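Below: one structure, written as structure tokens.
Chain naming here is simple, since letters A, B, ... match the order of the sequence lines and numbering starts at 1 in each. These numbers were taken from a predicted model, which means no experiment stands behind them. Note: hydrogens, waters and symmetry copies are ignored here, and every other heavy atom, side chains too, is used.
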There are 2 protein chains.
Amino acid sequence: MTKEQHRVTLEDVAREAGVSIMTVSRVMNNTGRISEETRTQVRVVAERLGYRPNRAARTLVTKRTMLIACIMPDITNPYFAEILQGVEDTAWQEGYNVLLMNTNENPDREYAVLSQLDDSTVDGVIACSSRISDEQLIPLLRKHPAVVTINRVLPKDVGSIVLSQRHIGHRAVLAAKYLYQTGRRRIGYLQLVRGSSSFTSFDFVKTLEAEGITIDPAWCRRCPPVWKAGYEQGKMLLEEHPELEAVVGGNDLVTLGLMRAAIELGRKIPDNLALVGADDILISSQVTPPLTTFRMDKYEIGAMASRLLLLRMQGDYTYREMFFPEELVIRGTT
Amino acid sequence: MTKEQHRVTLEDVAREAGVSIMTVSRVMNNTGRISEETRTQVRVVAERLGYRPNRAARTLVTKRTMLIACIMPDITNPYFAEILQGVEDTAWQEGYNVLLMNTNENPDREYAVLSQLDDSTVDGVIACSSRISDEQLIPLLRKHPAVVTINRVLPKDVGSIVLSQRHIGHRAVLAAKYLYQTGRRRIGYLQLVRGSSSFTSFDFVKTLEAEGITIDPAWCRRCPPVWKAGYEQGKMLLEEHPELEAVVGGNDLVTLGLMRAAIELGRKIPDNLALVGADDILISSQVTPPLTTFRMDKYEIGAMASRLLLLRMQGDYTYREMFFPEELVIRGTT
DNA sequence: TTGAAAGCGCTAACAC
DNA sequence: GTGTTAGCGCTTTCAA
């Protein structure tokens with residue numbers, strides 16, 4: 001396309017149609033009272049000239065960008081990809097486009113992204129599974145007119161929230177309890193390292209202790225939330241602690257990484273080692289043996305986040321908290 | 001955050017700092033010659049007031065949005081997720097944000113998305129694995145100042161392209177030839193249905209015939225590019241044609257769906273049925289047996305698309321064509 | 001039902 | 001080095 005081409009503006013259409021630019025503007029936006037005659041006339045001319053409203057000009061005066069930002073730790077993690085799909089579909093249906101800000105599990109990048117963002121860029125922001133601390137996150141979110149977080153509790157005045165587990169670490173504890181019920185005693189934990197307050201090994205040990213389940217802190221290991229790290233950290237964990245009878249993973253990806261390592265180390269799953277994941281991604285049901293994990297409606301989590309954001313963008317600042325229950329899916333690894 | 005809050009503008013900073021708004025503008029953009037003294041003075045005031053440039057206003061005058069659109073068939077397909085990651089990382093490094101337009105494998109939605117987009121919304125567009133026909137796609141792309149496609153050939157004046165196989169269907173043919181070499185004769189094909197010109201069963205049969213390999217068209221089946229469809233269509237294909245010795249899949253997702261169906265039907269892989277996929281997603285290496293498929297650098301494909309787009313956005317309209325070679329990865333299914 | 005004027009917040013171009 | 005002026009293309013407001 002030629003770069004020098006004059007962009008068709010309201011003025012061009014108005015001149016050509018023999019009306020004022022206000023009339024054209026009204027026709028294009030379906031606002032105000034316009035005679036049927038003028039309306040069609042303007043429509044025809046606009047069509048012929050190929051008129052397209054200039055988004056920046058409109059935004060400058062209306063202060064609405066029709067854009068929302070979605071901040072995600074890692075879109076190559078199927079868990080997040082599905083959530084994003086839900087976010088985007090719903091936003092699209094309501095006439096919004098999504099600015100994707102993938103942070104690659106890098107807290108610094110998340111911080112930079114959030115700092116860069118402002119209300120002249122987007123009308124609202126969805127922050128999914130933030131990897132930065134409340135101390136950093138909350139002040140940044142406060143600067144935005146409309147905010148929804150996924151998997152992060154927020155002061156009620158900052159934004160609405162969507163959660164996929166009752167409390168952080170809730171699934172890990174459920175998993176351990178289930179493993180205990182099935183007779184496993186030496187239960188390890190692959191804790192996700194996320195730059196933000198997460199459910200630590202300490203929390204894991206303490207919580208289970210209260211339930212009468214004893215966990216050796218040495219059975220717990222910190223691990224970045226990606227497959228390769230699960231494989232590497234999992235291998236080290238199993239080598240150092242061959243006595244482990246079971247491991248709970250922070251997400252399915254790391255659990256499957258550990259499972260691969262376990263198989264290479266000659267462990268027989270589930271007899272020799274039991275495994276529980278956390279978010280039921282497709283791959284988990286397809287490996288052998290299939291992974292016991294927690295299922296939740298990821299698409300709907302994303303869609304709900306979009307809906308809650310929409311409400312806020314429309315001026316309804318009621319705090320809302322949606323909880324999507326997780327369901328233990330028992331498969332071949334336990 | 002209070003909605004009524006007055007946004008800090010250049011004027012506010014200028015007044016407060018006792019200079020003109022142009023001086024502030026220059027300081028904020030690091031353009032023109034400004035005395036060190038004024039510069040720091042302005043910076044301090046801007047900082048104190050929390051000044052943030054208004055993106056819409058800037059866009060209105062500069063005609064640059066600093067946004068690129070990335071149109072993708074399905075971000076829950078790990079193949080596309082990785083490409084998108086490459087696109088976004090590279091764009092981000094260059095100061096651009098990415099507008100994600102996921103079309104859910106729906107050609108109508110892709111058409112709608114592309115029609116809606118214009119140069120007041122984004123500075124450039126990357127269309128990945130378009131599912132609409134050239135007749136629809138090319139005219140829409142021509143309206144954009146800067147375009148790059150992934151996996152789609154384009155007239156040289158429309159945009160640059162990034163390809164992950166030599167020709168459409170190239171990998172399927174390579175796969176069939178490889179299967180033939182390993183002794184398989186009755187080779188089926190799970191052809192991706194994509195609303196756009198794809199490599200059809202007819203092409204598959206014809207091309208292989210020229211190589212001396214005979215394929216019965218009844219062994220070929222059309223299939224939407226998602227796991228579930230691969231499972232369903234795969235099951236029907238195998239039930240109707242138990243004589244099949246091997247199947248080539250249009251992508252890894254459908255091939256793995258078919259593999260699941262095959263296992264349920266009691267087929268032993270690879271002895272009783274051999275399988276070849278097409279894009280080596282993580283899951284393919286983790287299933288049992290691991291899938292023979294083609295490997296390519298998906299992240300780099302996306303990153304390259306961003307780079308080529310950047311060149312065009314900077315006014316270098318040289319047509320460029322990048323080809324990322326695929327590599328056959330032989331694993332347990334053959 | 002239509003139009004004129006003003007201005008959103010910024011930068012380009014030119015003056016001083 | 002710094003300021004003034006003139007818009008970018010649109011919608012809001014008010015007048016006709």
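Annotation for Pro139(A) and Asp134(A): closest pair CD-O, 3.7 Å, computed over non-hydrogen atoms.
Screening residues 50-62 of chain B for salt bridge (Lys or Arg N to Asp or Glu O under 4.0 Å), with sequence neighbours left out, gives no hits. Residue pairs that meet the salt bridge (Lys or Arg N to Asp or Glu O under 4.0 Å) test with at least one member in residues 99-114 of chain A, sequence neighbours left out, are Glu105(A)-Arg131(A), Arg109(A)-Glu88(B), Arg109(A)-Asp89(B). Applying the salt bridge (Lys or Arg N to Asp or Glu O under 4.0 Å) test to every pair with at least one member in residues 12-39 of chain A, sequence neighbours left out, gives these pairs: Asp12(A)-Arg15(A), Glu16(A)-Arg48(A), Glu36(A)-Arg39(A). Here salt bridge (Lys or Arg N to Asp or Glu O under 4.0 Å) pairs that include residues 59-76 of chain B, with residues two or more places apart or in two chains, number zero.
Donor-acceptor pairing under 3.5 Å is recorded for the side chains of Asp118(B) and Thr121(B).
Looking at residues two or more places apart in sequence or on another chain, you find a side chain to side chain contact (heavy atoms under 4.5 Å, CB included) between Ser25(A) and Leu10(A), Met22(A), Asn29(A). Partners of Gln41(B) according to the side-chain hydrogen bond (donor to acceptor under 3.5 Å, both in side chains) rule, which considers only residues two or more places apart in sequence or in another chain, do not exist here. Under the rule for a salt bridge (charged side-chain N to carboxylate O under 4.0 Å, His left out), Asp123(B) has no partner lying at least two apart in sequence or in another chain.
In the 5' to 3' direction, nucleotides of DNA chain C lying under 4.0 Å from heavy atoms of chain A begin and end at dT1(C) to dG9(C). In the 5' to 3' direction, nucleotides of DNA chain D lying under 4.0 Å from heavy atoms of chain B begin and end at dG1(D) to dG9(D).
Separation of atoms CG (Leu84(B)) and CD1 (Ile301(B)) is listed at 13.0 Å; rounding is to 0.5 Å. Here the straight-line distance linking atom NE2 of His144(A) with atom CD1 of Ile68(A) works out to 13.0 Å at 0.5 Å rounding. The structure places OG of Ser306(A) at 13.5 Å from CH2 of Trp92(A), a figure rounded to the nearest 0.5 Å.
Remark on the helix from dT1(C)-dA16(D) to dC16(C)-dG1(D): inter-end axis angle 30°, axes from five-pair C1' superpositions, rounded to 10°.
Both Pro53(A) and Ser20(B) sit near DNA chain D, but only Ser20(B) has its closest nucleotide nearer the 5' end.
Taking a cutoff of 4.0 Å between a charged side-chain nitrogen and a carboxylate oxygen, Asp119(A) and Lys143(A) do not qualify as a salt bridge.
If you check residues 33-47 of chain A against DNA chain D, you find no residue with a heavy atom closer than 4.0 Å. For the segment residues 60-69 of chain A, the set of residues with a heavy atom within less than 4.0 Å of an atom of DNA chain C comprises Leu60(A), Val61(A), Lys63(A), in numerical order.
A heavy-atom distance below 4.5 Å is found between the side chains of Tyr319(A) and Ile161(A).
A 6.0 Å sphere centred on CD of Glu11(B) holds no more than 12 heavy atoms belonging to other residues, nucleotides or ligands.
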